[in-house]
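A short worksheet on the structure shown next.
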Amino acid sequence: MTVPEPATSRPATAPSTTSRPTLTADVPDIAPDSARPTHDGPLATAQSQLAGAIRRLGYDEGMHAMLATPRREINVAIPLRRDDGSTALFHGFRVQHNVSRGPGKGGLRYHPSVDVDEVRALAMWMTWKCAVVELPYGGAKGGVAIDPRRYSQAELERVTRRYTSEIMPMIGPERDIMAPDIGTDAQTMAWVMDTYSVNQGYTIPGVVTGKPLEVGGSLGRATATSRGVVHSTRAALHEAGLDLPDVRVAVQGFGKVGSHAADMYADAGARVEAVSDQYGGLHRSGGLDMQRVLDHVRTTGSVVGFPGADPIDNTDLLTLDVDVLVPAAVEGVLTADNALDVAARWVVEGANGPTTAEADAILAERGVVVVPDILANAGGVVVSYFEWVQAQQAYWWTEAEIEQRLAERMLHAYAAVAEVARREAVSLRDAALLLSVQRVAVAHRTRGLYP
Ligand code: GLU
């Protein structure tokens with residue numbers, strides 16, 4: 001099967017005058033060996049999503065194996081000299097899942113549970129995410145198994161510089177471009193950029209995005225993922241004739257994505273009835289005063305203890321009686337165990353991979369509209385792209401230009417995905433995967449195999 005590119009969409013790769021690669025109809029029943037995840041977790045979810053798209057598109061086993069397998073991975077040991085003089089050792093990874101449409105692109109995660117399979121899943125999601133919003137990038141991801149809260153800034157700087165120097169041959173503005181993710185921030189990106197630049201002998205801002213403004217960052221990048229989440233929520237509500245002031249929202253996660261999203265939802269007139277972070281959550285029917293919650297977080301470091309709201313734990317938040325649920329923390333929180341109890345009519349995935357494949361099937365069966373991660377949270381990488389373009393041209397856009405281009409891209413991508421979903425009678429997730437997997441496959445086939 002070939003999914004016609006939506007009418008609203010420009011050709012992602014080959015112009016229409018060239019013959020379209022024939023997509024064979026022999027459907028592999030079983031994934032090739034390289035596509036089998038080694039354990040249950042984000043990689044199992046990512047591989048199951050890919051297998052579903054491959055089946056529908058009718059691609060052969062060779063294409064499946066190619067898309068299921070990262071192009072390159074590096075596994076590094078990172079010794080750290082601690083502030084007290086002792087030494088500690090961490091494991092780090094960088095995975096380039098696919099580079100058919102351009103350089104690898106994706107974040108760097110610092111979290112104690114990071115392992116290579118999680119990084120592989122996150123890298124694959126970056127490939128689809130960049131393709132769905134038509135960025136000229138492939139997908140990549142990095143991670144270090146470290147709890148950044150337990151180390152000083154000086155120690156984190158040394159870890160970051162050593163990690164960067166270990167993966168140096170793989171990265172660069174034309175090879176693989178890093179950005180912040182869980183546990184890393186603009187300062188981390190400044191250290192990566194500096195380490196890379198010093199080694200190359202001149203300043204190369206395009207090797208990372210999500211940098212501080214002072215060293216070539218972009219206006220609007222810090223809030224871009226959240227803004228994209230809000231744009232895609234609004235687009236999904238419009239399909240039902242509703243808008244943000246009509247809905248009650250619960251946001252799980254109060255980090256770089258969840259906190260700004262909650263603020264923007266409230267600002268747009270939605271009632272944000274629940275929020276949570278890693279320490280606990282808050283619930284208040286009728287809506288929380290987000291400005292006061294944000295002040296409380298600024299002074300205490302957590303949403304917990306905010307007066308005038310009931311405490312709620314992170315798992316109960318997922319099944320609250322609200323209209324829109326926004327999982328914006330980590331992978332795998334919506335599972336076969338709680339998907340039947342989700343009361344929201346819309347799930348907008350601020351996090352990467354918050355819904356397991358089983359939960360996704362249950363939610364689809366129940367008619368819950370899931371705006372998938374690769375679309376919903378693509379605003380971050382869209383403005384990363386704008387930052388990279390600005391850095392390459394050494395010409396900086398205004399905030400208004402960035403916000404306008406971000407809104408256009410998000411709404412354009414949402415419309416294209418919704419069109420495929422309607423035409424093929426599939427969920428938004430399946431439609432987004434069909435479009436993006438096909439775009440990557442077409443790029444791969446158009447380039448041909450070397451040698
Ligand atoms: N870490 C973010 C994500 O998962 C941003 C990636 C980027 O900007 O490269 O989408």
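Whatever order the structure lists them in is the order used to number ligands and atoms, beginning at 1.
- Taking the six-membered ring for Trp and the full ring otherwise, the centers of Tyr163 and Tyr110 sit at least 6.0 Å from each other.
- Evaluation of the salt bridge (charged side-chain N to carboxylate O under 4.0 Å, His left out) test over residues 220-235, restricted to residues two or more places apart or in two chains, returns Arg227-Glu403, Arg234-Asp243.
- Protein residues with a heavy atom under 4.0 Å from ligand 1 are Lys105, Gly106, Gly107, Met126, Lys129, Lys141, Ala179, Pro180, Asp181, Arg221, Asn352, Gly380, Val381, Ser384.
- The ring-ring contact (aromatic ring centres under 6.0 Å, His included) analysis of residues 343-362, with sequence neighbours excluded, yields no pairs.
- No donor-acceptor distance shorter than 3.5 angstrom exists from the side chain of Asp176 to the backbone of Ile171, with no hydrogens or angles considered.
- In the displayed structure, Arg150 atom CZ is contacted under 6.0 Å by at most 12 heavy atoms of other residues, nucleotides or ligands.
- Scored by the salt bridge (Lys or Arg N to Asp or Glu O under 4.0 Å) test, Glu408 finds no partners at all (sequence neighbours excluded).
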